[in-house]
*Asks:* 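Starting off with a structure, shown below.
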Amino acid sequence: MTFQEEILLGIPAQLPEAKPYDKEINHAPKRKDILTAEQKVLALKNALRYFPKELHEALAPEFAAELKAYGRIYMYRYRPSYPMYARPVDEYPAKSRQAAAIMAMIQNNLDPRVAQHPHELIIYGGNGAIFQNWAQYRLVMQYLATMTDDQTLVMYSGHPLGLFPSHKDAPRVIVTNGMVIPNYSKPDDWERFNALGVSQYGQMTAGSYMYIGPQGIVHGTTITVMNAARKVRAVMAGHDRPSQTPGQAGGDERALLFVTAGLGGMSGAQPKAGNIAGVVSVTAEINPKAAEKRYAQGWVDELHPNLDELIPRIRKAVANKEVVSLAYVGNVVDLWERLASEHIHVDLGSDQTSLHNPWAGGYYPVGYTLEQSKEMMADDPDAFRCAVQESLRRQVAAINKLADDGMYFFDYGNAFLLESSRAKADILLPDGRFRYPSYVQDIMGPMYFDYGFGPFRWVCMSEKPSDLQKTDEIAMRVLGEIAAHSPEEIAGQMRDNIRWIEEAGRNNLVVGSQARILYADCEGRTQIALAFNEAIRKGELEGPVVLGRDHHDVSGTDSPFRETSNIYDGSQFTADMAVQNVIGDGFRGATWVSIHNGGGVGWGEVINGGFGMVIDGSEDSARHIREMLFWDVNNGIARRSWARNSAARFAIEREMARTPGLRVTLPNLADEDLIRKNLD
Ligand SMILES: NC(=O)c1ccc[n+]([C@@H]2O[C@H](COP(=O)([O-])OP(=O)(O)OC[C@H]3O[C@@H](n4cnc5c(N)ncnc54)[C@H](O)[C@@H]3O)[C@@H](O)[C@H]2O)c1
């Protein structure tokens, strides 16, 4: 059977051959045994509804065995027989080119080079799923292959509800992931609903088909570490504003030491970012496989399994002002405690373990081997929870000591502060605020999101490196033109982005599809997209382009401990912005939209949304770009301005001055002394 025939077949009427369990592949951990006996009956009944009755006798024991062994029913037998990777868009069987592009995006996400646990349909972050099982994948691909531009595919947490008549300007796909009644949004609710086969955790870009491998995070991590280093250097130099010159260990300046944890899917970008920022970095990683993978890929320079030997190496690197990334293969708590007891001066500190998922393998407690932790997690979840919380208390105590000696510590969007406070670690100030800022409060919020800069990305549907190179050149030219008239407030951001795109090709960042990420504001995103559309129209690019973004952006995400942690008017626990964003994108030209529960920080903690847009050189595409990208950025700027964020106020007033039809409600600023006097 050809690739096209297998896609068109959907779920075959005959039982396909069983697929052997591939031990070479990285598999998802066994999930918690959470269902009651009656709920297990329901889970099997739910799984079997994808298949004709005559197959139930064969499938029921198989699915029961999967549920027992893995805590989920993945339907391994239904994995397709063709290799999984994104083909050039014209190779897909399709009546809609937009739908064909979505098929390519789905296959890229599931590509074993890209996905974390490809056979369990987990794309990244340990539990970020694209579908719950292989039956859903097969059905979705069949729907996409047969739909027209007058239909919309409706996706409920990986399950295709079906095709519904719509029109050519409507999204081809609408995705919701993990939308639950708010009172049922605790981590165990996810475990239960997911095991029942009725909901999934879509992370940010996993469940929206927009993950593009590690490149997606390198740029954001680089600008965060670079600006954190600038901040520390500015304080050292006695300035109150960070300079825009990248810190370099060399010259007269002393080297900066950056300590953090995690060499996983996205955290693995930290050492590379440390090198680009010109610091000495030390990253702890407990899993030797993850550490070795990053070392083999050249993302970290040295691995050190022993603290007695690592500590003198750190001292030497700092003394010699080396730009080097060191990894400690062990538990980060041991590293922090040793640094504190040795009184080593740490300049920058953070953590990127997967604390959005603390009870199911995101964070490994100190004092236990990786294997002991994995066993405890499945066999004695209560003991595991206590061990994690004790570990966090010790980690925070050591971090506090180093912070007292001048370390700048920031939360890196992994719920470290939140989970530490829940563990009753010494992380709160007397007024109830966290002792440390999040990277959004200090860096990404005021310098990027409030001005509308966010992780704009594109994927070349011809899958040709030459097309990616041409798009890089176009983006560079467009940004250069915009930078020539940019106001001083965003000149530094523009410079960083131009430097990034100039070097992106040389840095060999592509894994999977021919994709690129770039932080840009509304003007940048729109002008770059229009220039791509023009290049497609003229035949300079050989295929359509998919535009999209991470949900980690100015408008897409309401996340009180991350993207909206620099909102101070009390509205950081509301989710109107994210919901409005997806609705607005949906009727302004997105090809697909998605709204998720929990992306990045964990189930129940955030609502986040995103979009994908296929552009093909047409006038319709140009209209969609102008209308949708404008809303997709300015919705968030307007909300941030209403929250009294001064950079956002500047950005929205600038936008109103040049955009007819835009009228945003602006806040009046009250005198705090006046208010306090009246409340005494
Ligand atoms: N700020 C951002 O922009 C941003 C971006 C991406 C990810 N995140 C968050 O960062 C976290 C990490 O993401 P990821 O994709 O790298 O996850 P991941 O699970 O792939 O990697 C985390 C790594 O931490 C290691 N680890 C866990 N506990 C440890 C311990 N005690 N000591 C040493 N190592 C330990 C794990 O072995 C794993 O390799 C997630 O919570 C994610 O949501 C934030």
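Atom set for the values below is all heavy atoms of this structure, side chains included, hydrogens, waters and symmetry mates excluded. For ligands, and for the atoms within them, numbers begin at 1 and follow the listed sequence. Only a predicted model underlies this, so the values are computations on that prediction, with no experimental measurement involved.
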*Asks:* Considering distance alone, does some N or O of Gly265 sit under 3.5 Å from an N or O of ligand 1?
*Replies:*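 Yes, at least one N or O pair falls under 3.5 Å.
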
*Asks:* List the atom of Phe193, the atom of Tyr184, and the distance in Å for their closest heavy-atom pair.
*Replies:*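 Of all heavy-atom pairs spanning Phe193 and Tyr184, the closest is CE1-O, 3.6 Å.
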
*Asks:* Passes ring-ring contact (aromatic ring centres under 6.0 Å, His included), Phe449 versus His552? Steps please.
*Replies:* CA-CA 9 Å; Phe449 294 160; His552 176 253; 5.4 Å; yes

*Asks:* Measuring from the heavy atoms of Gly126, does anything fall under 4.0 Å of ligand 1?
*Replies:*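 Checking ligand 1 against Gly126, which is what was asked, there is no heavy-atom contact under 4.0 Å.
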
*Asks:* For Asn331, is at least one N or O under 3.5 Å away from an N or O on ligand 1?
*Replies:*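 Asn331 vs ligand 1: N/O contact under 3.5 Å present.
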
*Asks:* Provide, to 0.1 Å, the distance between atom 12 (C) of ligand 1 and the closest protein heavy atom, together with that atom's residue and name.
*Replies:*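 Going by distance alone, atom 12 (C) of ligand 1 is nearest to Gln352 O, 3.1 Å.
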
*Asks:* Determine, using heavy atoms of Gly330 and all atoms of ligand 1, whether some pair is separated by less than 4.0 Å.
*Replies:* yes

*Asks:* Around atom 26 (N) of ligand 1, find the nearest protein heavy atom and jot down its residue, atom name and distance.
*Replies:*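 Checking every protein heavy atom, the shortest distance to atom 26 (N) of ligand 1 gives Thr353 CG2, 3.6 Å.
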
*Asks:* Ring-plane angle category for Phe410 and Phe258, please: parallel below 30°, perpendicular beyond 60°, tilted otherwise.
*Replies:*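 Parallel, since the angle between the ring planes stays under 30°.
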
*Asks:* Does Gln395 have a non-hydrogen atom less than 4.0 Å from ligand 1?
*Replies:* no

*Asks:* Where does the angle between the aromatic ring planes of Tyr201 and His356 fall among parallel (under 30°), tilted (30 to 60°) and perpendicular (over 60°)?
*Replies:* parallel

*Asks:* So between Gly264, Ser354, Gly362, whose heavy atom ends up nearest atom 17 (O) of ligand 1?
*Replies:* Ser354

*Asks:* Could you tell me whether Tyr439 and ligand 1 have an N or O pair separated by under 3.5 Å?
*Replies:* yes

*Asks:* Check the pair Asn566, Asp450 against side chain to side chain donor-acceptor pair (under 3.5 Å), reporting the backbone distance first and the verdict last.
*Replies:* CA-CA 9 Å; Asn566 73 323; Asp450 286 355; 3.3 Å; yes

*Asks:* Is the NZ or CZ atom of Arg516 both under 6.0 Å from the centre of the six-membered ring of Trp458 and within 45° of that ring's axis?
*Replies:* no

*Asks:* Identify the protein heavy atom lying closest to atom 30 (C) of ligand 1, giving its residue, its atom name and the separation to 0.1 Å.
*Replies:*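 Nearest neighbour among protein heavy atoms for atom 30 (C) of ligand 1, to 0.1 Å: Tyr364 O, 3.8 Å.
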
*Asks:* Do Glu419 and Arg422 sit within salt-bridge range, that is, some charged N less than 4.0 Å from a carboxylate O?
*Replies:*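 So Glu419 pairs with Arg422 through a salt bridge.
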
*Asks:* Which atoms of ligand 1 have any heavy atom of His552 under 4.0 Å away?
*Replies:*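 By the 4.0 Å cutoff, the relevant atoms are 3 (O).
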
*Asks:* Using a strict 4.0 Å cut-off to heavy atoms of Asn287, name the atoms of ligand 1 that fall inside it.
*Replies:*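 Near Asn287, the atoms of ligand 1 are 37 (O).
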
*Asks:* Give a yes/no on ligand 1: does Met444 have at least one heavy atom closer than 4.0 angstrom to it?
*Replies:*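 For ligand 1, residue contact (heavy atoms, under 4.0 Å) with Met444 is absent.
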
*Asks:* Return the residue, atom name and 0.1 Å-rounded distance of the protein heavy atom closest to atom 36 (C) of ligand 1.
*Replies:* Glu285 OE2, 3.4 Å

*Asks:* Could you check atom 15 (O) of ligand 1 against the protein and tell me its nearest heavy-atom contact, residue, atom and distance included?
*Replies:* Met266 N, 3.1 Å

*Asks:* Looking at Gln270, Glu285, Gln352, which one forms a side-chain contact (heavy atoms from CB on, under 4.5 Å) with Leu263?
*Replies:*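 Single side-chain contact (heavy atoms from CB on, under 4.5 Å) partner of Leu263 among Gln270, Glu285, Gln352: Glu285.
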
*Asks:* Using the benzene-type ring in the case of Trp, are the ring centres of His119 and Tyr74 under 6.0 Å apart?
*Replies:*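 When the ring centroids of His119 and Tyr74 are compared, they turn out to be at least 6.0 Å apart.
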
*Asks:* Identify, by atom number and element, the atoms of ligand 1 in contact range of Gly262, meaning under 4.0 Å from any of its heavy atoms.
*Replies:* 23 (C), 24 (O)

*Asks:* Find out whether Phe409 and Phe416 are in side-chain contact, i.e. whether some heavy atom of one side chain is under 4.5 Å from a heavy atom of the other.
*Replies:* yes

*Asks:* What protein heavy atom is closest to atom 33 (C) of ligand 1, reported as residue, atom name and distance in Å?
*Replies:*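 Atom 33 (C) of ligand 1 sits closest to the protein heavy atom Ile286 N, 3.4 Å.
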
*Asks:* Can you confirm, on distance only, whether ligand 1 has an N/O atom lying under 3.5 Å from any N/O atom belonging to Leu263?
*Replies:* no

*Asks:* Using a 4.0 Å cut-off to any heavy atom of Tyr412, which atoms of ligand 1 qualify?
*Replies:*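 It comes down to these atoms of ligand 1: 1 (N), 2 (C), 4 (C), 44 (C).
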
*Asks:* Check the angle between the aromatic planes of Tyr448 and Phe453 and answer parallel, tilted or perpendicular using the 30° and 60° thresholds.
*Replies:*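 The arrangement is perpendicular - the two ring planes meet at more than 60°.
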
*Asks:* Mark up the atoms of ligand 1 that fall under 4.0 Å of a heavy atom belonging to Gln116, in ascending order.
*Replies:*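 Here the atoms of ligand 1 in question are 20 (O).
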
*Asks:* Are any of the heavy atoms in Gly600 under 4.0 Å away from ligand 1?
*Replies:* yes

*Asks:* Considering non-hydrogen atoms of the protein only, which is the closest contact for atom 32 (N) of ligand 1, and what is the distance?
*Replies:*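 That would be Val332 N, 3.0 Å.
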
*Asks:* Report yes if the side chains of Arg562 and Met444 come closer than 4.5 Å at any heavy-atom pair, otherwise no.
*Replies:*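 No, their side chains stay 4.5 Å or more apart.
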
*Asks:* Given that the side chain starts at C-beta and the backbone is N, CA, C, O, which of these parts of Val366 lies under 4.0 Å from ligand 1, counting heavy atoms, or is it both or neither?
*Replies:*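 Under 4.0 Å from ligand 1, Val366 contributes no heavy atoms.
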
*Asks:* Would Arg72 pass as a cation-pi partner of Trp190, given that its NZ or CZ must be under 6.0 Å from the six-membered ring centre and within 45 degrees of the axis?
*Replies:*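 Yes, a cation-pi geometry holds between Arg72 and Trp190.
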
*Asks:* Should the heavy atoms of other residues, nucleotides or ligands under 6.0 Å from OH of Tyr568 be counted, would the total exceed 12?
*Replies:*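 Result for OH/Tyr568: enclosed.
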
*Asks:* Could you check atom 41 (O) of ligand 1 against the protein and tell me its nearest heavy-atom contact, residue, atom and distance included?
*Replies:* His356 ND1, 2.7 Å

